[in-house]
Asks: 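This is the structure I have questions about; it appears just below.
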Number of protein chains: 2
Amino acid sequence: MSSDRLSETLLPKRIALPVFASDALSSVAYAPDEILLTLGLAGGALALTHSWLVALAVVLVMVVVVASYRQNVHAYPSGGGDYEVATVNLGPKAGLGVASALLVDYVLTVAVSISSGVQNAAAAFSFLRGHEVAAAVGLVLLLTALNLRGVRESGRMFAIPTYLFIGSVLLMAVVGGVRHQFGKLPQAESAGLELLPEPGYESLGTLAMAFLLLRAFSSGCAALTGVEAVSNGVPAFQRPKSRNAATTLFLMGAIAITMLSSMILLARWTGVQFAENPAVQLARDGVPVGDSYVQDTVMGQVAKSVFAGFTPGVVVVSVVTGLILVLAANTAFNGFPVLGSILARDGWMPRQLHTRGDRLAFSNGILILAAGAIVLIVAYQAQVTKLIQLYIVGVFISFTLSQLGMVRHWNRHLFIETDPAARRRMQRSRIINTIGAVVCGVVLVVVLVTKFVHGAGLALAAMAILFLIMTGISKHYRLVSQELTVAEDAADHTRLPSRVHAIVLISRIHKPALRALSYARATRPSRLEAVTVSVDPEETHALQEQWERMGIPVQLKALDSPYREITRPVVEYIKSLRSDNPRDLVVVYVPEYVLGRWWEQLLHNQSALRLKTRLRFMPGVMVSSVPWQLHSSHGQEPPLTDSAPGDVRRGDGR
Amino acid sequence: MSSDRLSETLLPKRIALPVFASDALSSVAYAPDEILLTLGLAGGALALTHSWLVALAVVLVMVVVVASYRQNVHAYPSGGGDYEVATVNLGPKAGLGVASALLVDYVLTVAVSISSGVQNAAAAFSFLRGHEVAAAVGLVLLLTALNLRGVRESGRMFAIPTYLFIGSVLLMAVVGGVRHQFGKLPQAESAGLELLPEPGYESLGTLAMAFLLLRAFSSGCAALTGVEAVSNGVPAFQRPKSRNAATTLFLMGAIAITMLSSMILLARWTGVQFAENPAVQLARDGVPVGDSYVQDTVMGQVAKSVFAGFTPGVVVVSVVTGLILVLAANTAFNGFPVLGSILARDGWMPRQLHTRGDRLAFSNGILILAAGAIVLIVAYQAQVTKLIQLYIVGVFISFTLSQLGMVRHWNRHLFIETDPAARRRMQRSRIINTIGAVVCGVVLVVVLVTKFVHGAGLALAAMAILFLIMTGISKHYRLVSQELTVAEDAADHTRLPSRVHAIVLISRIHKPALRALSYARATRPSRLEAVTVSVDPEETHALQEQWERMGIPVQLKALDSPYREITRPVVEYIKSLRSDNPRDLVVVYVPEYVLGRWWEQLLHNQSALRLKTRLRFMPGVMVSSVPWQLHSSHGQEPPLTDSAPGDVRRGDGR
């Protein structure tokens with residue numbers, strides 16, 4: 001896609017909503033589960049009485065975050081990702097902190113979404129039970145393959161499953177609500193069970209109880225991941241960009257809140273009992289149900305109650321939920337390489353990731369992301385509950401720093417703005433962002449405190465390591481750049497080597513060698529000689545005789561190699577040339593074969609490669625590779641295009 | 001070690017024996033076990049009555065093989081490995097067959113010897129029980145590290161453990177024999193047990209019994225592996241080389257036969273009951289001993305009986321046996337890369353393995369060997385009995401083809417020899433080699449028939465795959481060589497490109513770029529221009545302005561890149577140059593950084609590398625890399641020496 005053409009593919013709100021909201025909305029599939037099972041640690045009563053409270057807290061945070069990001073959208077119509085906002089307003093280190101958090105969170109997004117998708121699908125397709133890890137890894141590999149192949153996401157690809165998901169959850173809420181009103185809502189399978197507290201949670205004091213509520217709240221905050229996606233995507237909206245983006249953000253928030261509340265209500269009405277450790281915690285007549293009990297997701301249990309007697313309804317909910325979770329994972333496959341490219345542009349990541357369209361960089365990003373997600377899925381056995389413990393830290397680090405950055409942004413603008421109306425708007429925005437920063441900061445502290453030992457500490461460590469690596473890379477680039485800088489008035493470019501001494505390396509007399517010779521001769525060096533390493537005196541003698549028979553008009557010099565080495569004699573010969581005439585330039589011509597297949601490459605050019613690698617360390621020496629294209633190489637050229645597969649439109653630096 | 005110095009390190013017989021015989025002698029540590037347990041499948045009676053018969057058959061084969069190889073030693077004083085003998089006399093395909101067999105067998109030598117070493121050591125050091133796989137893998141890794149580091153084997157390193165092993169086994173035989181004569185030899189621990197037949201082997205017919213005897217014989221033939229080593233090593237002997245080598249071969253055969261017979265006798269005298277599946281097959285008063293029973297090796301059980309009441313004796317036997325088995329494994333670490341080098345010389349393997357002293361090739365060989373052995377050890381849980389099933393096939397393929405080759409050798413010489421005395425000697429040798437070929441061929445058939453389903457088939461498949469790969473490599477080299485050959489009267493080398501068009505790639509103005517410019521100018525091309533790819537018009541504009549400010553006396557051309565690509569614009573520009581002036585040579589100067597650490601390399605030069613890779617496919621284009629050495633590169637040059645670690649003296653192509 002050409003740079004110019006980016007602007008042609010602007011999105012109307014009805015497409016932008018599913019494109020940017022799939023990640024945020026999909027978390028409705030697992031956030032209620034996490035709230036209920038955390039509360040359930042203290043037994044069924046707490047979940048029954050307090051789940052609404054926790055849900056309400058999550059909803060309030062959602063309102064604050066959505067309101068805050070609406071300010072971002074207006075302030076950065078060019079699409080200020082959290083990384084950009086933090087970097088511009090709080091400095092590069094803050095930006096790097098956001099970036100580290102986001103990179104880790106992308107990996108977790110894939111792991112959590114895919115694991116949850118498999119668990120949801122298993123509610124309808126029970127053959128998946130017991131093979132969750134394999135199924136999840138398989139899905140990650142599938143996404144990897146699709147993204148490596150460069151399958152483009154179309155707006156429609158997002159729209160259909162997202163709207164189906166929204167529609168089916170809302171339909172479930174309506175049907176469930178109506179049936180509940182008429183007293184005809186069947187109870188969930190698990191409603192007949194008793195939810196026992198986990199050992200150690202039997203009789204909690206007030207403080208411990210509050211701590212557990214906070215922990216449930218932390219887990220519930222998983223519902224907020226992905227909310228920031230719209231703010232990165234402002235440039236992709238149709239005009240008026242900012243207003244359309246803000247509206248979309250509002251719609252997304254409203255839908256997410258409705259769905260989350262509905263799920264919590266439906267779970268309560270259908271009497272779902274949801275346990276972290278169902279085999280032990282769930283009991284029938286005082287006897288634990290044991291390992292044979294299969295606990296469906298809350299979504300699955302609710303669907304089975306609401307659509308009792310109408311199996312297709314259950315299947316649709318299950319499939320659509322699985323689909324949107326896979327889509328949510330796919331957004332990470334887009335975002336991760338793009339963030340990498342932005343970090344590379346700023347010198348935090350290897351520069352070759354920068355060229356936005358670089359296929360290789362894109363592929364590497366995809367592979368790293370997939371590998372990380374697979375490691376997590378295998379390590380945590382595709383258990384959403386365990387993965388969730390690592391999640392969210394990153395999101396709230398990023399939210400908090402972004403909102404702090406926005407406060408700074410308004411401060412800066414208020415410093416110079418004089419128009420009273422504009423100032424009022426800015427002050428209003430600043431208040432909203434300040435609230436956002438405070439709330440997100442508090443949530444971050446809550447998350448860290450309640451989950452540190454459960455996994456958040458690990459995520460934090462991973463972020464710290466990334467932070468240090470990127471700092472190191474940046475420092476390296478800075479040092480190299482300093483070392484290479486030339487003063488503009490320097491005369492470096494006027495100093496020329498006095499003479500050129502050309503050496504053509506010869507092992508046998510064949511076409512590549514003759515081509516190298518004729519190229520070397522064509523450059524008319526001050527001095528030209530052919531050089532061969534004499535590993536076997538007989539072979540060398542035969543070579544010399546053939547050389548003379550053919551009347552090649554260049555002198556052939558044989559370097560002795562008593563230890564049967566190639567590199568040392570050549571390097572030492574060149575060293576002697578250099579010390580005899582230090583101002584001369586030595587050009588070494590190396591004949592090489594070009595072959596079509598990778599395994600053919602392995603069979604050739606290896607000693608030439610080693611020699612070339614060594615010669616690079618010698619100042620005043622230049623290596624010229626003279627390729628000879630073998631028939632097998634024809635049509636095997638690497639592709640000219642190094643542009644990326646996939647749609648760059650959704651590129652975000654969230 | 002210099003080529004010239006090889007002759008200085010000739011071995012007297014007393015050192016040559018341990019150096020070349022450790023592999024062959026070490027098999028006494030496991031061959032008796034395999035004979036006994038195979039016979040034991042049919043119950044204790046068969047082992048008692050027929051083990052001497054099987055041992056006798058193995059001894060006879062040993063006599064034949066030793067006699068045959070004494071002919072090889074005389075005929076090929078330059079050290080004719082089986083590969084050489086087969087290639088010269090039967091043609092390259094036969095040689096390749098031998099080579100495939102030997103490569104597979106080297107891997108098995110390591111796996112079998114190390115596994116057996118661990119099992120023998122466990123007889124004295126019971127803490128190894130249950131950790132055999134880990135210990136075996138650890139030993140392989142240790143050997144790998146030592147060989148990669150290039151620790152040299154000295155003759156003494158071989159001599160001491162080998163003579164200790166011979167001495168302790170013979171001492172055990174003498175002490176055991178004397179005690180037996182006086183009726184004072186204690187029975188083995190297992191003597192009180194009953195050896196039950198395996199299910200299915202309870203009442204065997206004559207044919208099945210004969211088959212089982214043949215299978216036991218096949219396993220016992222493991223005692224013959226390594227016998228051919230002397231014939232490869234003739235050049236390393238002191239003069240008269242052939243006679244000394246023949247004498248050493250004779251001594252080795254005599255010692256091996258004595259040790260093998262002694263072990264079989266001692267096992268019988270001490271009443272050792274040895275089972276493939278001890279938990280089920282061994283019974284006390286009719287009740288199987290179960291999984292808790294620990295079965296020592298035959299060597300261990302015999303030692304415990306013979307040296308009953310004298311624990312140091314048992315420990316010494318155990319340690320020395322373990323040591324010589326590790327030494328035997330180490331011979332494969334020497335032989336494998338050397339055979340690889342010989343195969344590379346003949347075009348069957350990647351040519352870079354040829355340079356005998358090539359450290360990289362040597363390292364690769366060592367790593368491949370170690371990886372193969374570790375895979376086998378883990379796959380077969382370090383169980384010698386299972387590994388033995390794959391072994392021996394290769395050895396006897398190699399023996400048989402080598403002996404057939406020797407028959408051809410004598411036929412050829414008899415065709416031209418006229419001296420009657422010489423003819424008589426040759427005819428005698430031919431008879432011996434014919435017997436050798438027939439016996440080895442029969443053993444090979446027996447091994448294949450009795451063990452095909454137990455693992456020999458797998459080994460054969462591995463050899464076939466190697467054979468095909470090497471045939472493919474050889475074919476590739478032949479085709480390339482044909483394509484590159486120049487007729488000596490061809491005028492290829494007189495045709496010169498008419499003009500040189502030099503292009504210097506510029507991304508920024510820094511020292512490497514200026515160096516590339518000045519080198520390019522120094523070569524005085526017909527036309528010279530600097531070229532930059534304009535990914536970002538603003539950056540390009542700034543670059544052009546700086547260029548003019550600095551007064552660089554070369555024109556800077558900016559290539560448009562609407563798709564933010566680097567490779568395509570450059571390639572297409574060069575294509576246009578080439579089609580405008582097809583007879584011109586285009587030289588592309590690429591400024592590059594040279595850095596010290598590998599991870600630094602990853603951070604630079606990547607787009608240059610990609611471009612260079614692509615340009616290699618364009619005829620008439622030459623790429624000149626102009627390196628700029630950064631401070632961090634100083635002192636980080638790759639080592640000049642590419643010579644091999646380890647002693648090349650024992651290099652064999654057995």
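Convention: sequence-line order gives letters A, B, ...; per-chain numbering from 1.
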Asks: Side chain of A:Lys511, backbone of B:Glu483: donor and acceptor closer than 3.5 Å?
Replies: yes

Asks: Among A:Thr523, A:Leu630, A:Val500, single out the residue with the greatest number of heavy-atom pairs under 4.5 Å to chain B.
Replies: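 Heavy-atom pair counts peak at A:Leu630.
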
Asks: Which answer fits A:Pro619, side chain, backbone, both or neither, if we ask what part of it has an atom under 4.5 Å from a heavy atom of chain B?
Replies: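 Both parts, heavy atoms under 4.5 Å.
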
Asks: Do A:Tyr593 and B:Leu484 have side-chain heavy atoms sitting under 4.5 Å apart?
Replies: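 When only atoms from C-beta onward are counted, B:Leu484 and A:Tyr593 do touch, with a gap below 4.5 Å.
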
Asks: So for A:Ser625, is it side chain, backbone, both, or neither that comes closer than 4.5 Å to the heavy atoms of chain B?
Replies: both

Asks: Report which part of B:Ser633 has an atom under 4.5 Å of a heavy atom belonging to chain A: side chain, backbone, both, or neither.
Replies: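 The answer is both parts of B:Ser633.
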
Asks: Count the heavy-atom pairs under 4.5 Å between each of B:Val623, B:Thr485, B:Val626 and chain A, then report the option with the highest count.
Replies: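 Looking at each option in turn, the highest pair count goes to B:Val623.
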
Asks: Do you know which of A:Ser624, A:Ala502, A:Ser481, A:Pro627 has the most heavy-atom pairs with chain B at a distance under 4.5 angstrom?
Replies: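 Heavy-atom pairs under 4.5 Å are most numerous for A:Ser624.
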
Asks: Non-hydrogen atoms of chain B under 4.5 Å away: do they reach the side chain of A:Arg508, the backbone, both or neither?
Replies: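 A:Arg508 touches chain B through side-chain heavy atoms alone.
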
Asks: Against chain B, label A:Val621 side chain, backbone, both or neither, depending on which of its atoms sit under 4.5 Å from a heavy atom there.
Replies: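 Contact with chain B: backbone only.
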
Asks: Compare every heavy atom of B:Gln629 with every heavy atom of A:Arg616, then report the nearest pair and how far apart it is.
Replies: O-NE2, 2.6 Å

Asks: Taking ring pair (Phe, Tyr, Trp, His ring centres under 6.0 Å) as the definition, give me every residue that meets it alongside B:His501, ordered by chain and number, with sequence neighbours left out.
Replies: none

Asks: Excluding sequence neighbours, so at least two apart, what forms side chain to side chain contact (heavy atoms under 4.5 Å, CB included) with B:Glu538?
Replies: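 Scan of B:Glu538 (side chain to side chain contact (heavy atoms under 4.5 Å, CB included), adjacent residues dropped) gives B:Asp536.
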
Asks: Please check if the number of heavy atoms outside A:His631 that lie under 6.0 Å from its NE2 is greater than 12.
Replies: no

Asks: Would you mind telling me which of A:Met622, A:Arg549, A:Gln546 has the largest number of heavy-atom pairs within less than 4.5 Å of chain B?
Replies: A:Met622

Asks: Counting only heavy atoms not in A:Arg524, do more than 12 fall under 6.0 Å of its CZ?
Replies: no

Asks: At a 4.5 Å cut-off on heavy atoms, which part of A:Leu585 comes close to chain B: side chain, backbone, both, or neither?
Replies: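 It is the side chain, since no backbone atom gets that close.
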
Asks: Does any heavy atom of chain A fall under 4.5 Å from the side chain of B:Ser498, the backbone, both, or neither of them?
Replies: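 Looking at B:Ser498, just its backbone touches chain A.
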
Asks: Looking at every non-hydrogen atom in both residues, tell me the closest pair between A:Val594 and B:Phe617 and how far apart they are.
Replies: CG1-CE2, 3.6 Å

Asks: Provide the closest heavy-atom pair for A:Leu595 versus B:Val480 in the form atom of the first, atom of the second, distance.
Replies: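 Distance-wise, the nearest heavy atoms are CD2-CG2, 4.2 Å.
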
Asks: For B:Pro497 and A:Ser518, work out which heavy atoms get closest and say how close.
Replies: CD-O, 3.8 Å

